[in-house]
Every structure is written in structure tokens, then in C-alpha cells.
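Keep in mind that this is a model prediction, so the values were computed, not measured. Quick note on labels: first sequence line is chain A, next is B, and so on, each numbered from 1.
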Amino acid sequence: MKASYTDTTLRVTFDGDLLSTNIDTLRTEILAAMAQYPAAQTIVADLTHSRLVDSKGVNLLIALYRETQNRKLGFRAENPTPDVRRLLSLLKLTERFGLTA
Amino acid sequence: MSSPTATTHPDILVVDDDPMSRDMLVYMFQSADIRVVSACDGFDAIERIKERGETPFEAIFTDVQMPRMGGLELLEWINVNAPTTATVIMTANQERELVSASLRGGAVEFLDKPFDLRAILRAIRQAREIHRSRTQQLAATHRLLDIADINQRLTRTALDSAVCTSAKINLATRFYPINEAGGDLVKTTALDYDRILLVLGDVSGHGLKEGFLSAYFQGIIEGMANQAATCRGIAESFNRFLLNQWNDSDPFAVSTSLSATFLEVDFGARRVSVLNCGGPAVVLSDRRGNIEQLAPGGAPLGWFPEIEPQKVTATLDVAGLIILWSDGLEAHAEKLKIPPIALAYRILQAPANTMADNLLKGADDDIVVCQLDWNPPHETTPLGEIWLPIYNETFPGDSAPRIDALQESWARTLKIALPQLGEDTRHDVLLCIREATLNAFDHGCNNEPSKTTRVELLVNSTAAFLHARISDNGIGFDPNAPRPPVDPEHISLGIQVMRSLTHALRHSEDGRTLEMTFCLPAAGSP
């Protein structure tokens, strides 16, 4: 996972899929990035390289969304593949995650 | 021309465009008291055959290279229109391709020019025996069977199948040899109203010699089956032949062997008996795709004096299928890192001899696969609702950490077995199988290695639906049992994902089995 910070926006870009087998690592890395950039006002989850997101991966995104809500930060997901966007749409998460048509 | 009445004298048609060669052969036949008619090419021969009406020639000796219609085209015509007639190919050149083509086309013998009288007489003896056997077989078939049904999906390489009265059966066979000639064989013979004998064999080696040996074995199978020999009796006969005659010349040479699987299928008693001598396991599936692997083989024939394996018997569902294949398919599936049954499915779905893509390139051995399926006789749909298995693996209950590797194997299987599957559908199928399997590991098996989870992928007979069945041997949803501590949000989300992406989803077996159905795009669609 890569983290970059620009103009109060923390962008976390996942290197690959969000799966049951890697979400623990990703969760730790995201929390570390948020601690590194405490002034961030918005968190962006960049899904460009995530072709598959399983239910635990979705749970990670939901957890990240909740965490931003608790900290009164903005959150959005960006660049999902068509399959991941469809999944998030079926789970009625696109609006919450700031994914507009 | 002699009259076509039954006689103890052979009744032969000679086909050759070279008048000198033809006349010489006719003279040699006549001097040996053989009744003979001649023709100058394939078209002329067909006219002579048609003139005979209901009394076909016992054998046809034909040249290969002739104007208008050659010997191999004639052989094809004979196989369809005069199937009891034995064909002997005469060739001055030993072109391997021609010879092997004619071997697979059903020729029974070859004669080298110039002719040797003893070789001719030997060829006639063999041809007459083949003719007699084929005539008996055809008569029995006509009495008992409706050939149209069995031939619906039959390739020309296995023409001797039968239809019984207790079931509608189909046989599909695919050969993909690595050389022009090879020793693989699939032989089917009707034993009586309800029983057929099916033999899939593989003679070691890939040359012309093995091709001849394979043809010889096929003749023996038919002959012995007609004499009511048992599978073991036939196998013992081959074993003796290989040990005492074929491999007898040099005791330290690498011996020729035959891996052969003998199936005696009794549709009346709904029973199959398998004698497996060196072949891969046979897959028996009921109509819902529940499979049983039968009789992994012992040693091939030709190695040891005793035949090791015992015959295994299993019960047949009212509808179902049996799939068997050669070692070559198993080895190639291993190379592709997919289950053999997935490769077998893909090959069987393609029309015969059309697997021109890269899938089978690099195979190290001949690939043969054969599927026998059946339905109740009143069934109007060819395959009814039979589900065809493409994946069936069982994993220890503590395999959750390996889920990514398992998913890769499902992805490879789907890509090869169902090439028509688009990226979107494959994504959905993989995600749902992953969710269901993880759920089975985590909650069904409680991640205990002593418990197991089985993943089955099945395709219906029209390839319109894919069915994924994930089952575990855990406690299920027993209301009296203590529920393990779980994250309820995760469970509901996993189920929600599966409900969203499947055509249908249902639990059974007290929650131990989850079945998901997906709609498939039509084969050949992008």
C-alpha cells in the first residue's frame, strides 16, 4: 500500500486485491498513515489496482469509513474497477463511498 | 462376376487403377479359389458395392492413390455405408501419414506391394473374421437397438456402441494423439439388451507398431465379448499375449504394455463394474453431479503374470454419466494445474478433432477421453437435467490461509473449462466461491484440520448454468449446539455478497451445504 499526502488529503493506494488474507496488514498500514498525517481532512481509498474485493475487504472499507466519520473527516473511494464498482453498488455503498455515476 | 450367394469361399472386391497390378491380384485370388470382383477406382468400387445390395463383400482390397476417388475416401464411405465389410489397404509406399490415417479410419490390415501370396491369404483370413464378427454385431444391434440414439454424439472412432432398452445412452469420444499413429483405443460392444462393454486402453508407445497392436486388441475385445468372455478373461488374454508373444523376443527390452480400463455397464440392473489395469480412476456421476471415483488402476497388462486389481462395482443413478480418460489427459491437466475432470469437460464440449487452440499443445502423451451418459428411456431431452462436474476437491478445515491459492486454482479451472465466461461473470463466481468456502472453513469446520470442506463446480448439460456447491462436515446450524463467537456483520455481508451476485442461492443439509447457481453466457459468445 502507498500513502501520499497533498492539500489535507491522505490518499491510500492499495497495491492489489482487498482480501481476507491481507486486510489485517492493510488495516495496520492505514492506521499508521493516518497517524503520520494527523492534519488530513479527507481520506481517499484508491482502488485502481484492486480487481477483487471480498467481504472482508468490503468490511475494511466500511471500517475505514466509520473511522473517518468518528474523526469527522471526509472519505471517498476512487477508481474502482467495473467489477468492484458493481459489487459496491449491489451492496448500496457507492453513495456512501462518494462514488457517483 | 460370381453370384453373391453365401459361400465358404471368400468374396472379395479388388480396387486398383493400375490394370497390371489389379489383374495380377485378381489372378492370385482366383488361383487360391477366391471369388473376386474388380474396380478401377473408388467411384467404380462404390458402384460394385451398391450392385451387391443386401449381401456385402466380405473384404475390399484397395489401393491408396487412385484418380477420381482414392482408397482412404473409399474407406470412409465403406465405414458408413458397408460397415461389416473389412478393408485392406494396399500401398507401394510406406507413407506413415497415409497408413496411420487409414488405421484410424478403420482399415483392418495393410499389404505392401509387390504382393506376397502368404500375406494376402493372412489378410483375407483376418478380414473374413472381422466381417463375420461385424455382421453378427450389426444383426444383433439391429434387433435390439435404435442406432440413431447412440450415434447422436458418437464419433466415427467408436462406431460399435449399442443402445439398450432401459436407458437412452450417448457416447462421446475424443482422440488427440501426439503422433499420426498411436496405441490408444476406445472400444464399445453391446453385450445384450441392457449391457454394454466399454474399454479405454493405451498401448505404451506412439508409433505404427502400437497402432497395429491397438487395432488387434480391439478385434480381440469384440470377438471375446461375443463369446461372452468376462472383462477379467479379456484382460488375462491380453496379459498372456503381451507377456508370452509380443514381448518375448528380448527379455531385457523395455516391454510393451497396455493400460486398459474395462467397464461393464448394466442399465437394467443399474450397475457398473470396473476392472482397471493401469488406467486413471473412472469418474461416475449421478444426475446432480455427485461424483464417485472408481477403481484407481493396478499395474498395466504386460508387466506381471498376475492381474492385480479386483473388479469394483457401483450403482448407477437413473440418469448420470461416466467419464474416463487416458494417462495423457491426466498428465496434461497436471501441467495446466487444473483437475483432469475440467480438462475432460472442455475437450468433450468441443466438437471432435476441433481443439485447434493452444490448450493441448505441449502434451507429452496421447489424450483420449470418453463420456458415457444416460437418461431414462422416456426422457425427451437428450441429457435431461444431468449436471456435469468440472471441479471436485476436498480440503482440510484449516485451509483458510491457503484461500488465495485455492482461488487461483478455481480461476484456472473456470478459464479453461468455460472459455465463454466473461471477466464479469468469472469475477462474481470466484468471489462467491471464495466467500462460501471461507465461511465453511471458519464456521462449518471451525478451522479444525480434522474437518473438511468440499468445493464442487458443475455445469448443466446445455452449459446455461454453473452450479457451485460448497459443503462441510461440521455441525451445521444445529439450534441445540453452542454457536461459535463470530463477527455477525461479516457473516451477513458475505451472504449479502453471494445473494447479490448469484442467480440462486440455497442452504441444505442443516446449513452444511451452500449451493449457488450462476447464469452462463452462450458458448462462443465473447
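Heavy-atom neighbours of A/Gln69 CD from other residues, nucleotides or ligands within 6.0 Å: above the threshold of 12. Within a 6.0 Å radius of NZ in B/Lys337, no more than 12 heavy atoms belonging to other residues, nucleotides or ligands are found. Residue-environment remark: CZ (A/Arg96) stays at or below the threshold of 12 foreign heavy atoms within 6.0 Å. Within 6.0 Å of the CG atom in A/Asp7, the count of heavy atoms belonging to other residues, nucleotides or ligands does not exceed 12.
Per-residue counts of heavy-atom pairs under 4.5 Å with chain A were compared for B/Asp424, B/Val497, B/Asp404, B/Asp428; the largest is that of B/Asp424. When each of A/Leu90, A/Val53, A/Val58 is checked for heavy-atom pairs under 4.5 Å with chain B, A/Leu90 comes out on top. Between chain B and the residues A/Asp54, A/Asp17, A/Asn22, the largest count of heavy-atom pairs under 4.5 Å involves A/Asp54.
With a 4.5 angstrom heavy-atom cutoff, A/Leu19 touches chain B via backbone and side-chain atoms both. A/Arg51 touches chain B through backbone and side chain together, each having a heavy atom under 4.5 Å away. Interface residue B/Glu423: backbone and side-chain heavy atoms are both found under 4.5 Å from chain A.
A distance of 9.5 Å separates CG in A/Leu87 from CD in B/Gln496, rounded to the nearest 0.5 Å. Distance CG/A/Asp83 to CZ/B/Arg426: 10.0 Å, rounded to 0.5 Å.
Residues B/Leu438 and A/Lys56 form no side-chain contact, since every pair of their non-hydrogen atoms from C-beta on lies 4.5 Å or further apart.
Side chain of B/Glu435 to backbone of A/Ser55: a donor-acceptor contact under 3.5 angstrom is found.
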>> side-chain contact (heavy atoms from CB on, under 4.5 Å) for A/Thr81 and B/His427? Distances and angles first, verdict last.
In response: CA-CA 11 Å; A/Thr81 64; B/His427 167 272; 5.9 Å; no
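The two residues B/Ser500 and A/Leu91 come nearest to each other via the heavy atoms OG-CD2, 4.3 Å.
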